[in-house]
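Below is one structure, written out as structure tokens; comments come after it.
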There are 2 protein chains.
Amino acid sequence: MTVTQTGRSRGSYAKTAARRREILEAGMDVFAEQGFRSGSLREVAERVGMSQAGLLHHFSTKNDLLAAILDFRDDRDREESGIEIGSGIEGIRGLLRLVEHNMRVPGLVELHCVLSAEATSPDHPAHEHFVRRYSWLIDGMTVSFEVMAREGQLVAGVEPASAARMLIAMMDGLQLQWLLDRDSVDMAEETRRSLRPLLTVEL
Amino acid sequence: MTVTQTGRSRGSYAKTAARRREILEAGMDVFAEQGFRSGSLREVAERVGMSQAGLLHHFSTKNDLLAAILDFRDDRDREESGIEIGSGIEGIRGLLRLVEHNMRVPGLVELHCVLSAEATSPDHPAHEHFVRRYSWLIDGMTVSFEVMAREGQLVAGVEPASAARMLIAMMDGLQLQWLLDRDSVDMAEETRRSLRPLLTVEL
DNA sequence: GTCTATAAATTGATAGAC
DNA sequence: GTCTATCAATTTATAGAC
């Protein structure tokens, strides 16, 4: 695509991008605290110090903002786990790194917890997103456990598909417990502990 | 307390109780689908065929209705699991019965999933309720696993407190996966499978 | 016990000035 | 790019008739 730059300075592009980013972060906070349905654009706008109409210049509908947030979150997760899914034990280690990082960002954990629960409703604007995400994630982890099984890293009798489901379920359930009482749970340690009886190797 | 019955027939009591119950059930449906914060009293009222003001005669605020729903749900769970928490392997079996029953009532599973996520927010009207509920539940299951450890029903090296946390986390996480795609998961079977490596006995 | 009417607040989105 | 003003819809809760 050829773009003809007509007087629009790099500065204004950068500023707009920075503004979008600010809105994105404020949106994540608000939707984490109140959920998407009951979080308001006005509240998001206030937190970045602008009017609600001003916000809608950057994201033209509330659903647009949600979509941008979901993309942003997925990118971050990929960076933080730093690994392709489905790559044997390194896939599991990547997920554990993500859990460790999550314990430093309660807001993001709350966002995931609240949005994924809301999105179980078929008419929620993020429903399809979460259905796809979980199917992708569990399929990928199943492949990882299959690879591990072939390399003798899995205890006999452990079903790769079940182990994958179990690991993801564990992570989600621990997040809920952690959000309700942060001091009581070490998510990463509990996750490792629950994997140990399934593996013949150390993580 | 002495009550002077002045003309009020038994029938009208029964009718009121039945009405409250109808509202309760409709409320559970609405809050399951839309969450508490964004579910509306009007919608609940419509589903039982009455006006929103009429509903408020039975539950004088929205929070009142929520509190009644939470109590009702707890009673049902106790009945359905049919067992005291903290009683060894029977405690775990009770929980498994509850999981089996839950697969026949998706609405109740969705209600729990959505409300517990919403309630991680400290200013949510159900926050204290869920904090207490989880601490009670995990403490109780910890005792159950401790009893099992003493009776040699636990594999060596399994921490009762961790096993308790893990079991609850697993159940919650599987509920989320099940709500997003009901055909893909057998919650009860997956839960049993995840417990097997921890026990020296059959469930 | 249930209704209509209404108050008072909040919501997402649009129009148009600057 | 941001604002003010505004619309139309929706919310919980109250007042008061029947």
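So you know, we letter chains A, B, ... as the sequences are listed, proteins then strands, and number each from 1.
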What is the separation between atom [atom1] on [X] and atom [atom2] on [N], rounded to the nearest whole Å?
X       : N      : atom1 : atom2 : answer
B:Gln34 : D:dT12 : CD    : P     : 11 Å
B:Arg37 : C:dT10 : CZ    : P     : 16 Å
B:Arg20 : C:dG1  : CZ    : C1'   : 14 Å
B:Phe31 : D:dT12 : CZ    : C1'   : 11 Å
A:Glu22 : D:dG1  : CD    : C1'   : 13 Å
B:Lys15 : C:dG1  : NZ    : C1'   : 9 Å
B:Leu56 : D:dA15 : CG    : C1'   : 13 Å
B:Leu66 : D:dA13 : CG    : P     : 12 Å

Check the surroundings of atom CD in A:Glu189: do more than 12 heavy atoms from other residues, nucleotides or ligands lie under 6.0 Å from it?
-> yes
Ring-face cation of A:Arg132 near A:Trp136 (centre distance under 6.0 Å, axis angle within 45°) = no
Closest to the [X] side chain, choosing from [options]:
X       : options                : answer
A:Thr16 : D:dC3, D:dA15, D:dG1   : D:dG1
A:Lys62 : C:dA13, C:dT2, C:dT14  : C:dA13
A:Thr61 : C:dA13, D:dA13, C:dA15 : C:dA13
B:Arg42 : D:dA13, C:dA13, C:dT2  : D:dA13

Taking only side-chain N and O atoms of [X], does any of them lie within less than 4.0 angstrom of OP1 or OP2 on [N]?
X       : N     : answer
B:Ser51 : C:dT2 : no
A:His58 : D:dT2 : yes
B:His57 : C:dT2 : no

In plain terms, say whether B:Arg192 and B:Glu100 are close enough for a salt bridge, that is, a side-chain N and a carboxylate O under 4.0 Å apart.
-> yes
Is it true that A:Arg76 and A:Asp71 make a salt bridge, defined as a side-chain N closer than 4.0 Å to a carboxylate O?
-> no
Sugar-phosphate only, base, or nothing, as touched by [X] at under 4.0 Å among non-hydrogen atoms:
X       : value
B:Ser40 : sugar-phosphate
A:Arg19 : sugar-phosphate
B:Leu41 : sugar-phosphate

Assert yes or no for the condition that the ring centre distance of A:His124 to A:Phe130 is strictly below 6.0 Å.
-> no
